[in-house]
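Reading through the structure tokens given below for one structure.
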Amino acid sequence: MSHSPFEAWTISLKNEKPAVLVTLLEVPEDSGLSAGTRLFVSEEGLSLGNLGTAILNDLAAKAAGEKLKQLHPRSETRSVQLSEGGEASVFIDVNIPPPELVIFGAGHDAIPVAKFAGDLGIRTVVVDPRSAFATEENFPGMEIVLARSEELRDKVHLGTRTFTVIMNHHLERDQACLRFSLESSAPYVGVLGPRKRRNWLLDGLQEEGITFSEEQLSRMYSPIGLDIGAETSEEVAISILSEILAVRNGHSGEFLRKKGRIHQPVGE
């Protein structure tokens, strides 16, 4: 059974699937266009609906595709110049599911990271081979995956909107998790510890013949977190999650008093 654009949109909302709904808001008189018509675009690029002209459909599909490639796209109204003359406006409504955080390591310092992430509405997964640490008691409401290093590819999925934090406090496991994360499409790979330890991890992998591209290494955040002078586990967790939010939202994490417009992302 085929769906209308709005029905497809509500299904994507219910199933937490990335999608865009473009609605024609205002049109010139005698244009033959109807305000309120819609075009639905899925993350796979499949479109449903018709805004009235091929140019409008193409522009809307292109805009939707651009939005769905962004880490944290925002809905907006745009004006479109019509080939017949005049201007139309469209509303581009974007649905993106909540971000996901995968924490590798279930030690005591992972507990506040998971808790605060949950408070922020971030879907959180805790990965550790030790059933005594990765428990519902320590991580209530979180997804727990018991996985050894060699099982990561079978048991853990990292997507384009998955943020990872590596805090196993175990050199070999951290190396395996780092390789797994950098070889995925995860936009943020945070590694707990000083620069010296990060270099040990990379050097150890290089000795095994495993190297990474500049693009892969650009997604690695180590030392992890923003510079807030964090000392306690809770403070470190706030530092880490603040950096994740800054990366997700396209902001620098600097003092707001140094900015002109506080909601302006980097590069705008």
Donor-acceptor check, side chain of [X] to backbone of [Y], threshold 3.5 angstrom: yes or no?
X      : Y      : value
Ser242 : Ile238 : yes
Asn168 : His170 : no
Arg130 : Leu146 : no
Ser89  : Glu26  : yes
Glu235 : Thr232 : yes
Gln216 : Ser213 : yes
Arg198 : Ser222 : yes
Glu243 : Ile240 : no
Asp93  : Leu21  : no
Thr124 : Leu101 : no

In Å, rounded to the nearest 0.5 Å, how long is the span from [atom1] of [X] to [atom2] of [Y]?
X      : Y      : atom1 : atom2 : value
Phe40  : Glu7   : CZ    : CD    : 11.5 Å
Ile11  : His3   : CD1   : NE2   : 4.0 Å
Ile228 : Ser239 : CD1   : OG    : 4.5 Å
His72  : Leu245 : NE2   : CG    : 9.0 Å
Ser149 : Arg173 : OG    : CZ    : 7.0 Å
Gln175 : Glu208 : CD    : CD    : 6.0 Å

**Study point:** Gln206 and Thr211: side chain donor to acceptor below 3.5 Å
**Key:** no
Point to revise | His169-Asp109 side chain donor-acceptor pair, cut-off 3.5 Å | key: yes
Is there a side-chain contact between [X] and [Y] in this structure, where contact means two heavy atoms from C-beta onward sitting under 4.5 Å apart?
X      : Y      : result
Val236 : Glu231 : no
Leu68  : Val20  : yes
Phe104 : Phe180 : yes
Leu205 : Phe212 : yes
Val145 : Val126 : no
Arg148 : Asp128 : no
Val156 : Val125 : no
Leu56  : Val80  : yes

Exercise for review: Before giving the answer on side chain to side chain contact (heavy atoms under 4.5 Å, CB included), spell out for Ile92 and Ser75 the whole-Å C-alpha distance, their side-chain angles and the decisive distance to 0.1 Å.
Suggested key: CA-CA 5 Å; Ile92 305 172; Ser75 301; over 6 Å; no
Any salt bridge linking [X] with [Y]? Criterion: basic side-chain nitrogen under 4.0 Å from a carboxylate oxygen.
X      : Y      : answer
Lys67  : Glu76  : yes
Asp58  : Lys62  : no
Glu183 : Arg153 : yes
Arg197 : Asp174 : yes
Glu150 : Lys155 : no

Same apolar cluster: [X] and [Y], side chain cutoff 4.5 Å:
X      : Y      : result
Leu13  : Phe91  : no
Ile244 : Leu217 : no
Val27  : Leu59  : yes
Ile166 : Met220 : yes
Leu182 : Leu201 : yes

Point to revise | Evaluation steps, side chain to side chain contact (heavy atoms under 4.5 Å, CB included), between Val41 and Leu46 | key: CA-CA 6 Å; Val41 181; Leu46 301 175; over 6 Å; no
Give the minimum heavy-atom separation between [X] and [Y], together with the two atoms involved.
X      : Y      : answer
Ser233 : Pro112 : O-CG, 3.7 Å
Ala60  : Val22  : CB-CG1, 3.8 Å
Gly159 : Pro187 : O-CD, 4.0 Å
Ala132 : Asn138 : O-ND2, 4.4 Å
Phe116 : Ala237 : CD1-CB, 3.7 Å
Ile103 : Ala110 : CG2-CB, 4.0 Å

Review point. Any chance CG of Leu25 has more than 12 other-residue heavy atoms, nucleotides or ligands included, within less than 6.0 Å?
Key: yes
Exercise for review: Could you tell me whether Asp227 atom CG has more than 12 heavy atoms of other residues or ligands within 6.0 Å of it?
Suggested key: no
Exercise for review: Kindly determine whether Thr135 and Glu137 satisfy side chain to side chain donor-acceptor pair (under 3.5 Å), including the steps that lead there.
Suggested key: CA-CA 5 Å; Thr135 65; Glu137 181 180 2; 5.0 Å; no
**Study point:** Partner set under side chain to side chain donor-acceptor pair (under 3.5 Å) for Asn95, not counting sequence neighbours
**Key:** none
Exercise for review: Under the side chain to side chain donor-acceptor pair (under 3.5 Å) rule, collect the residues that match up with Arg219, sequence neighbours excluded.
Suggested key: Glu215
Exercise for review: Begin from the C-alpha positions of Ile224 and Val165 and carry the test side chain to side chain contact (heavy atoms under 4.5 Å, CB included) through to its verdict.
Suggested key: CA-CA 9 Å; Ile224 193 173; Val165 173; 3.9 Å; yes
Review point. Given Ser34 and Leu24, is the side chain to side chain contact (heavy atoms under 4.5 Å, CB included) satisfied, shown in steps?
Key: CA-CA 7 Å; Ser34 299; Leu24 195 56; 5.9 Å; no
Practice item. If a pair satisfies ring-ring contact (aromatic ring centres under 6.0 Å, His included) and one of its residues is in residues 216-239, list it, with sequence neighbours excluded. Key: Tyr188-Tyr221
**Study point:** From Thr162, Leu120, Ile122, Leu71, residue fulfilling side-chain contact (heavy atoms from CB on, under 4.5 Å) relative to Pro99
**Key:** Ile122
**Study point:** Working for salt bridge (Lys or Arg N to Asp or Glu O under 4.0 Å), residues Glu43 and Arg161
**Key:** CA-CA 13 Å; Glu43 188 177 34; Arg161 294 185 175 87; 3.5 Å; yes
